[in-house]
Amino acid sequence: LKQRMQWWEDARLGMFIHWGVFSELGGEWNGVDYGKEMGTASAEWIYLMSEIDTNDYKQAAQRFNPKNYSPEEWVKSAKDAGMKYIVLTTKHHDGFALFNTKASDWNILQASPYKKDLIKQYIDECHKQGIRVGLYYSHEKDWYHHVRLRNDTSPIKESYKKLVKTQIEELLTNYGQIDLIWFDMGISAHKEFNQMCYDLVRKLQPNCIISSRIGNGLGDYKNLGDRELVNPGMNEYVESIMTMRLNWGFDKNDKNWKSSSEVISMISKSACRGSNFLLNLGPQPDGKFTPEETIRLKHIGEWMTLNGDA
Ligand code: JFZ
């Protein structure tokens with residue numbers, strides 16, 4: 001474990017990216033703003049929260065055509081901000097795969113006009129520019145293929161298990177080295193399923209780090225609750241995750257930006273306390289970071305140049 005965690009322990013700062021079909025709706029459906037609930041629910045939960053008809057959501061996917069997507073710019077701005085790893089949503093709770101998958105046609109190649117593998121481009125670019133590659137994958141919550149409920153403890157269907165198994169295999173065999181997989185929202189009622197996911201990753205890429213939200217205490221390090229900062233003296237591998245405003249995913253109406261100095265003070269606190277800090281961006285549907293995000297990254301970069309490796 002110590003060996004596997006070495007780069008991660010040295011990293012201290014990473015970039016989280018929430019992006020997908022939900023970005024297209026920007027937290028709003030039928031004039032209602034769904035990006036206001038504090039805590040978990042926000043723009044990227046819109047498929048569940050708004051009770052939008054699946055056909056309407058599929059239409060949003062048909063509009064999701066990120067022409068300005070440039071992983072080259074994403075990776076460069078992460079590196080310029082002193083970030084050492086990136087974690088990008090490959091499939092969030094809406095079940096939509098941003099990669100080429102045989103397991104379902106609910107994916108970027110078959111259900112959107114873009115028709116290219118977004119994840120492949122991202123991973124290739126990370127490898128090229130030399131930054132650690134993380135993949136967020138919602139293994140349990142999948143409102144499209146599994147159940148469209150906030151909480152569900154019923155047993156997981158065989159067909160869904162098979163889908164997840166196939167997609168994990170695809171992500172960990174088709175793109176070369178993956179440094180981290182960020183499973184989310186695993187619940188203890190699904191121990192066998194979570195264990196299956198864990199074993200599969202270990203088998204396919206033994207050095208790939210696994211987040212604790214896989215469930216059942218199986219992960220390699222501890223994720224704090226959303227937006228929570230580490231307490232002094234926690235001597236485990238700990239990662240805080242933080243948004244720049246309320247929402248994880250792109251939201252048209254959310255103006256609750258933290259200032260650059262607020263964000264920087266959290267980064268420095270987190271590093272002083274020996275934990276990692278994963279700072280979230282919710283790019284626009286066209287693939288660009290918002291101007292507010294870009295300016296914050298720039299300020300972080302300036303601060304990191306002066307203080308980063310001290
Ligand atoms: C999850 C997601 O539902 C959310 O959309 C986002 O991706 C976030 C990073 O993770 O939400 C959670 C999961 C766990 C906690 C809170 C929100 N928690 O343990 O406090």
Side-chain angles (χ1 to χ4, degrees), residues 1-9 14 16 18 39-41 44-45 48 85 87-95 97 103 133-173 178-231 234-242 248 275-278 280:
L1 178 71
K2 207 170 177 328
Q3 198 196 338
R4 179 157 81 232
M5 295 302 290
Q6 195 55 57
W7 72 260
W8 189 91
E9 206 184 356
F16 211 176
H18 277 72
T40 57
E44 76 284 358
W45 277 58
L48 180 84
Y85 63 119
V87 180
L88 169 62
T89 48
T90 62
K91 182 193 91 166
H92 202 263
H93 307 334
D94 64 5
V133 186
L135 306 178
Y136 172 106
Y137 182 82
S138 177
H139 64 311
E140 284 203 19
K141 273 193 192 310
D142 184 324
W143 303 318
Y144 189 91
H145 302 102
H146 181 38
V147 269
R148 197 168 162 194
L149 286 176
R150 205 180 248 267
N151 296 304
D152 187 67
T153 52
S154 60
I156 296 176
K157 291 174 292 191
E158 284 307 314
S159 59
Y160 181 66
K161 278 186 201 164
K162 213 176 135 217
L163 179 144
V164 169
K165 187 169 176 281
T166 304
Q167 292 192 332
I168 294 176
E169 279 166 0
E170 290 169 339
L171 289 170
L172 295 184
T173 52
I178 306 301
D179 298 296
L180 187 157
I181 185 154
W182 218 97
F183 290 111
D184 199 8
M185 305 284 268
I187 56 164
S188 47
H190 297 144
K191 180 160 202 293
E192 216 183 290
F193 174 72
N194 295 334
Q195 186 76 51
M196 182 275 284
C197 296
Y198 183 90
D199 293 342
L200 195 54
V201 177
R202 273 289 147 272
K203 186 182 92 183
L204 297 171
Q205 297 224 20
N207 293 321
C208 182
I209 295 173
I210 301 173
S211 72
S212 72
R213 290 222 191 130
I214 187 169
N216 299 95
L218 289 168
D220 290 331
Y221 67 86
K222 194 168 163 349
N223 297 113
L224 294 179
D226 282 28
R227 307 179 181 86
E228 198 181 327
L229 269 179
V230 67
N231 285 318
M234 275 177 119
N235 60 355
E236 303 161 84
Y237 297 114
V238 178
E239 178 181 67
S240 300
I241 56 176
M242 195 66 63
W248 297 94
S275 63
N276 277 11
F277 193 85
L278 198 53
N280 182 70

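Here the structure is a predicted model, which is why all the values come from computation and not from measurement.
Here the shortest heavy-atom pairing between Cys208 and Asp220 reads O-OD2, 3.9 Å. When all heavy atoms are compared, the tightest approach of Tyr160 to Ser138 is OH-O, 4.0 Å.
The residues Lys162 and Glu158 are annotated as not salt-bridged, no charged nitrogen and carboxylate oxygen being separated by less than 4.0 angstrom.
For the pairing with Ile187, the side chain to side chain contact (heavy atoms under 4.5 Å, CB included) check across Lys191, Met185, His190 returns one residue only, His190.
Checked against the 6.0 Å centroid criterion, the rings of Trp8 and Tyr221 qualify as a close aromatic pair. Proximity of the aromatic rings of His18 and Tyr136 is defined here by a centroid distance below 6.0 angstrom, and this criterion is met.
The shortest side-chain heavy-atom distance between His92 and Tyr137 does not fall under the 4.5 Å cut-off. Side-chain contact check for Ile241 versus Arg213: some heavy-atom pair is nearer than 4.5 Å. In this structure, the side chains of Ile209 and Arg4 come closer than 4.5 Å at one or more pairs of heavy atoms. Considering only heavy atoms from C-beta on, Trp182 stays 4.5 Å or farther from Leu135 through its side chain. In this structure, Lys91 and Leu163 have side chains that are in contact, with non-hydrogen atoms separated by less than 4.5 Å. Inter-residue side-chain proximity for Tyr85 and Leu180 is flagged as met; some heavy-atom pair is nearer than 4.5 Å. Annotation: side chain of Phe193 is in contact with side chain of Val164 (closest heavy-atom distance under 4.5 Å).
The environment of CD in Glu9 is crowded: more than 12 heavy-atom neighbours from other residues, nucleotides or ligands sit within 6.0 Å. When the shell of 6.0 Å around NZ of Lys161 is examined, it contains more than 12 heavy atoms from other residues, nucleotides or ligands.
If you take CG on Leu278 and OG on Ser240, they are separated by 9.5 Å, rounding to the nearest 0.5 Å. Between Leu172 atom CG and Ile178 atom CD1 the span is 6.5 Å, to the nearest 0.5 Å. Atom NE2 of residue His139 and atom CG of residue Asp142 lie 11.5 Å apart, to the nearest 0.5 angstrom. Put simply, CD1 on Ile168 and CD on Gln205 are 12.0 Å apart, with the number rounded to the nearest 0.5 Å. Between Lys141 atom NZ and Asp184 atom CG the span is 9.0 Å, to the nearest 0.5 Å. Rounding to the nearest 0.5 Å gives a distance of 16.0 Å between OH of Tyr144 and CG of Leu48.
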